[in-house]
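Computed over heavy atoms, backbone and side chain alike; hydrogens, waters and symmetry mates excluded.
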Amino acid sequence: MPVYLRRRVLPAPLDLAWPMKSPAGASTDLTHERGRLILTIDHDVVRGVTPVMLDWWFRHIGGAMKVGDRTYSRYRTWHPQDHVDWQLVAGDPDRVRVGSRFRIVEAFDRNPAWLVDSVEVVTKLDETGIRLERSILESTVFSLEHWFEPDSVGTRYRSRMELGAHTLFGHLAFNRIVRPMIFPEAMGRAWLRHNVEEVGNFEHFLPELYANEMS
C-alpha cells in the first residue's frame, strides 16, 4: 500500500470542476436487517448514456483517458474527489469480465476515516447491470449490484449494496461486531451521496469517451 494510504492522507482531487448531482435528485434508502446494512438508490436518469456504454465502461474501467488536453486515470475521473486507485488483481489482463477480481480504493466525502480498500469479484456483467461480491469464510459479506434499463433519453440506473452475511457466521459475529466497525451507518450515508455523484458523473465524460474508443 502506498505510504499516503498507510497514513490515511488522500491524494489531491483531480482538477475537474463538474457539477455533481445531489442526493435530492435520487430516491435513497438505508435500512437494517438482522445486523446487515442495506443501501438502495433509484438514481435520476443518466442522460445521454446507454446501457451498452455502461457495460463497455465497466469492462474497460482500467487505464487512462483524456479530458481536454490532459490525461487522467479513468477510475479517478469517474469521481475526481473520492476515488484513489483501481487495479485488476485477477482475470483477463485486457478487460474486466465475470470472474475478474479487482481492488478498489476510495474515501467517501474524502474522509480518511471512511477509506475503502477492498478486493471484489465480478459475478455479473452485461447490458442489464453489474454485480460485485466479497466473501469471508465462504460467506458473502458484501454485495453491490447496479441495474441498467434503457430510457428514451438515457438509462434508468438502480443500485443496491448489502453489508453483512445471511449465514450463522454473519448472524453471530460479522453482522453484530465486525460490520458496524468497518462500515458504520454514517459511512453508509456517505456512500449514498458518493454513488449518486459518481453515477451522475457519467453524463460528463462517458458518451464522448465511448464515441472516441468506438470510432
Side-chain angles (χ1 to χ4, degrees), residues 13-23 25-28 39-89 91-106 120-133 143-161 191-215:
L14 300 186
D15 185 19
L16 297 170
W18 293 332
M20 289 195 278
K21 290 189 176 181
S22 165
S27 176
T28 65
L39 307 166
T40 61
I41 308 174
D42 188 353
H43 295 267
D44 186 16
V45 174
V46 189
R47 296 179 177 272
V49 175
T50 66
V52 172
M53 292 180 192
L54 292 166
D55 179 34
W56 177 88
W57 164 259
F58 285 107
R59 293 180 186 276
H60 301 87
I61 191 174
M65 60 180 286
K66 292 199 71 172
V67 180
D69 60 353
R70 301 187 66 178
T71 300
Y72 301 101
S73 153
R74 288 187 181 181
Y75 179 70
R76 295 204 63 202
T77 298
W78 189 17
H79 198 300
Q81 297 178 11
D82 294 357
H83 284 182
V84 177
D85 193 22
W86 182 96
Q87 299 173 8
L88 190 64
V89 175
D92 188 328
D94 296 322
R95 65 174 183 170
V96 175
R97 61 181 66 210
V98 172
S100 295
R101 301 178 67 86
F102 52 71
R103 179 185 177 211
I104 294 173
V105 185
E106 57 190 353
E120 295 152 9
V121 61
V122 180
T123 59
K124 173 193 172 182
L125 178 55
D126 57 31
E127 293 177 15
T128 68
I130 181 172
R131 180 179 175 87
L132 309 175
E133 295 182 357
S143 67
L144 172 60
E145 188 157 7
H146 302 291
W147 293 269
F148 317 142
E149 298 178 21
D151 183 88
S152 60
V153 297
T155 297
R156 299 208 63 86
Y157 196 116
R158 294 180 298 114
S159 305
R160 179 182 175 92
M161 178 190 284
W191 176 83
L192 290 172
R193 173 181 292 277
H194 167 88
N195 193 243
V196 168
E197 291 173 345
E198 68 180 0
V199 170
N201 284 344
F202 280 131
E203 297 178 353
H204 298 298
F205 70 87
L206 186 52
E208 182 179 358
L209 174 64
Y210 180 78
N212 291 339
E213 292 287 329
M214 294 296 103
S215 63

Residues in side chain to side chain donor-acceptor pair (under 3.5 Å) contact with Asp44, at least two apart in sequence or another chain: Lys21

Ring pair (Phe, Tyr, Trp, His ring centres under 6.0 Å) involving Phe148 - partner list, sequence neighbours excluded: Tyr157

Closest heavy-atom pair and its distance - Thr77, Trp18: O-CZ3, 3.3 Å

Side-chain heavy atoms of Pro80 within contact of Asn201, under 4.5 Å: yes

Residue pair Tyr75 / Val105, side-chain heavy-atom distance below 4.5 Å: no

Salt bridge (Lys or Arg N to Asp or Glu O under 4.0 Å) contacts touching residues 50-77 (sequence neighbours left out): Asp55-Arg59, Arg74-Glu213

Heavy atoms from other residues, nucleotides or ligands near CG of Asp15 exceed 12 (cutoff 6.0 Å): no

Pairing residues for Thr123 by the side-chain contact (heavy atoms from CB on, under 4.5 Å) criterion, not counting sequence neighbours: Val121, Arg131, Glu133

With sequence neighbours excluded, residues passing side chain to side chain donor-acceptor pair (under 3.5 Å) with Glu208: none

Side chain proximity check, Trp57 to Ile61, heavy atoms < 4.5 angstrom: yes

Over all atoms of both residues, closest heavy-atom pair of Val196 and Ser22: CG1-O, 3.7 Å

Val122 side chain reached by Arg97 side chain, heavy atoms, under 4.5 Å: no

Can you list, pair by pair, the side-chain donor-acceptor contacts under 3.5 Å of residues 149-156, counting residues two or more places apart and other chains?
unit_1: Asp151; atom_1: OD2; unit_2: Val153; atom_2: N; d: 3.0
unit_1: Thr155; atom_1: OG1; unit_2: Val49; atom_2: O; d: 2.6

Interatomic spacing from OG1 in Thr28 to CD1 in Ile41 - rounded to 0.5 Å: 7.0 Å

For Glu127, side chain to side chain donor-acceptor pair (under 3.5 Å) partners two or more places apart: none

All side chain to side chain donor-acceptor pair (under 3.5 Å) counterparts of Tyr210, not counting sequence neighbours: none

Separation between CD of Glu106 and CH2 of Trp191, rounded to the nearest 0.5 Å: 9.5 Å

side-chain contact (heavy atoms from CB on, under 4.5 Å) partners for Pro23, two or more places apart: Arg193

Note, Arg158 side chain near Arg160 side chain (heavy atom, < 4.5 Å): no

Sequence-distant partners of Tyr72, ring pair (Phe, Tyr, Trp, His ring centres under 6.0 Å), two or more places apart: none

Closest non-hydrogen atom pair, Glu120 against Ile104: OE1-CD1, 3.4 Å

Nearest-0.5 Å distance, CG of residue Leu88 to CZ of residue Arg101: 11.0 Å

Side-chain donor-acceptor pair present, Glu198, Asn195, cut-off under 3.5 Å: yes

Ring geometry between Phe58 and Phe202 (parallel below 30°, tilted from 30 to 60°, perpendicular above 60°): perpendicular

side-chain contact (heavy atoms from CB on, under 4.5 Å) against Gln81, all qualifying residues, sequence neighbours excluded: Pro13, Met20, His79, Arg110

From Thr128 atom OG1 to Leu54 atom CG, the distance as rounded to the nearest 0.5 Å: 11.0 Å

Pairwise distance CE(Met214) to CG(Leu209) - rounded to 0.5 angstrom: 8.5 Å

Ser27: side-chain contact (heavy atoms from CB on, under 4.5 Å) partners, not counting sequence neighbours: Asp42

